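Take a look at the structure set out below.
What's counted below: heavy atoms across the whole structure, side chains too, no hydrogens, waters or symmetry copies. Since we're looking at a predicted model, the values are computed, not measured.
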Amino acid sequence: MADRTVQIDEIRALEEALHRPEVRRSRTAVEALLAQGFVEFGASGTRYHRAEMIELLCEEDDTPADGVLEATDFALTPISPDAVLLIYRTVRKGSDGSEKRALRSSIWKRNAGRWQMLFHQGTLTSAIDATADS
């Protein structure tokens with residue numbers, strides 16, 4: 001039997017790929033990364049399903065209007081042999097100096113030997129909350 005140990009670097013790389021404009025605008029890449037049944041609860045409180053998320057991402061501009069996303073404090077928790085929970089923090093720094101912070105969580109599921117995101121949630125937080133120890 002092959003080693004099925006999941007390394008945080010593997011899942012983090014997949015997660016961060018979805019932060020990059022060139023991946024987000026590629027229908028093929030996003031379809032490969034998002035599992036059938038994918039759901040996202042956005043920081044705005046909006047619920048997105050796989051098909052609408054793919055459409056939204058493919059329509060994005062090269063540079064986000066609200067700045068560059070920086071991700072830190074990644075932690076990975078196995079929840080079954082073929083599923084993991086990834087949590088991390090983000091800050092999006094706007095060109096006007098503003099900062100938008102969020103706590104994020106994703107469930108990644110192994111399907112036919114490859115990892116796909118099944119669920120994602122972003123929750124806005126204050127600068128104080130975003131730097132507090134968990």
Side-chain angles (χ1 to χ4, degrees):
M1 178 182 242
D3 179 14
R4 296 171 67 89
T5 303
V6 181
Q7 299 297 321
I8 192 169
D9 293 342
E10 177 183 10
I11 300 299
R12 178 179 176 169
L14 293 169
E15 185 85 28
E16 289 183 314
L18 285 166
H19 298 173
R20 295 196 310 266
E22 68 275 12
V23 173
R24 294 168 74 89
R25 286 190 322 269
S26 168
R27 178 176 301 279
T28 302
V30 175
E31 286 176 346
L33 288 167
L34 301 184
Q36 292 296 327
F38 170 83
V39 174
E40 175 172 338
F41 296 147
S44 65
T46 304
R47 180 178 175 169
Y48 300 97
H49 294 278
R50 183 177 188 266
E52 64 191 309
M53 182 54 66
I54 291 168
E55 291 303 318
L56 287 169
L57 294 178
C58 288
E59 294 170 3
E60 282 186 345
D61 292 332
D62 281 352
T63 53
D66 53 352
V68 175
L69 187 70
E70 295 176 14
T72 61
D73 299 333
F74 286 85
L76 187 72
T77 303
I79 54 179
S80 81
D82 289 314
V84 294
L85 170 66
L86 181 69
I87 59 171
Y88 60 104
R89 301 172 192 275
T90 59
V91 60
R92 188 175 299 275
K93 296 181 181 180
S95 57
D96 62 357
S98 64
E99 290 187 348
K100 189 180 200 180
R101 297 176 180 273
L103 300 175
R104 299 186 181 269
S105 60
S106 299
I107 296 176
W108 287 84
K109 181 176 121 180
R110 193 183 337 244
N111 289 318
R114 65 186 168 116
W115 288 101
Q116 293 183 301
M117 185 185 287
L118 182 62
F119 175 81
H120 182 77
Q121 180 170 352
T123 303
L124 293 179
T125 186
S126 70
I128 294 169
D129 291 340
T131 59
D133 290 332
S134 332

Would you call the rings of Phe74 and Tyr88 parallel, tilted or perpendicular, where under 30° means parallel and over 60° means perpendicular?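 Ring orientation of Phe74 relative to Tyr88: parallel.
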Restricting to non-hydrogen atoms, name the atom on [X] and the atom on [Y] that form the minimum distance, rounded to 0.1 Å.
X	Y	result
His19	Ala71	CE1-CB, 4.0 Å
Glu60	Arg25	O-CD, 3.2 Å
Val23	Ala17	CB-O, 3.1 Å
Arg12	Leu86	CA-CD2, 4.4 Å
Ser26	Cys58	C-SG, 4.3 Å

Under a single-linkage definition using a 4.5 Å side-chain heavy-atom cutoff for Ile, Leu, Val, Met, Phe, Trp and Tyr, are [X] and [Y] assigned to the same hydrophobic cluster?
X	Y	value
Val84	Phe119	no
Trp115	Ile8	yes
Ile79	Ile87	yes
Leu124	Phe41	no
Ile11	Leu85	no

Can you measure from [atom1] ([X]) to [atom2] ([Y]) and round to the nearest 0.5 angstrom?
X	Y	atom1	atom2	result
Leu118	Leu34	CG	CG	10.0 Å
Gln121	Glu40	CD	CD	9.0 Å
Leu69	Arg92	CG	CZ	4.5 Å
Met53	Met117	CE	CE	9.5 Å
Arg50	Gln36	CZ	CD	4.0 Å
Leu14	Leu33	CG	CG	6.0 Å

Ion pair Arg27/Glu55, N-O distance below 4.0 Å: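 Answer for the salt bridge query: yes.
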Heavy-atom donor-acceptor pair, Arg89 side chain to Leu103 backbone, under 3.5 Å: no
Verdict with supporting geometry, Phe38 and Tyr48, ring pair (Phe, Tyr, Trp, His ring centres under 6.0 Å): CA-CA 8 Å; Phe38 170 83; Tyr48 300 97; 9.0 Å; no
Check each of Gln116, His120, Glu15 against Trp108 using the side chain to side chain donor-acceptor pair (under 3.5 Å) test, and report the only one that passes.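 It is Glu15, the one option of Gln116, His120, Glu15 that forms the side chain to side chain donor-acceptor pair (under 3.5 Å) with Trp108.
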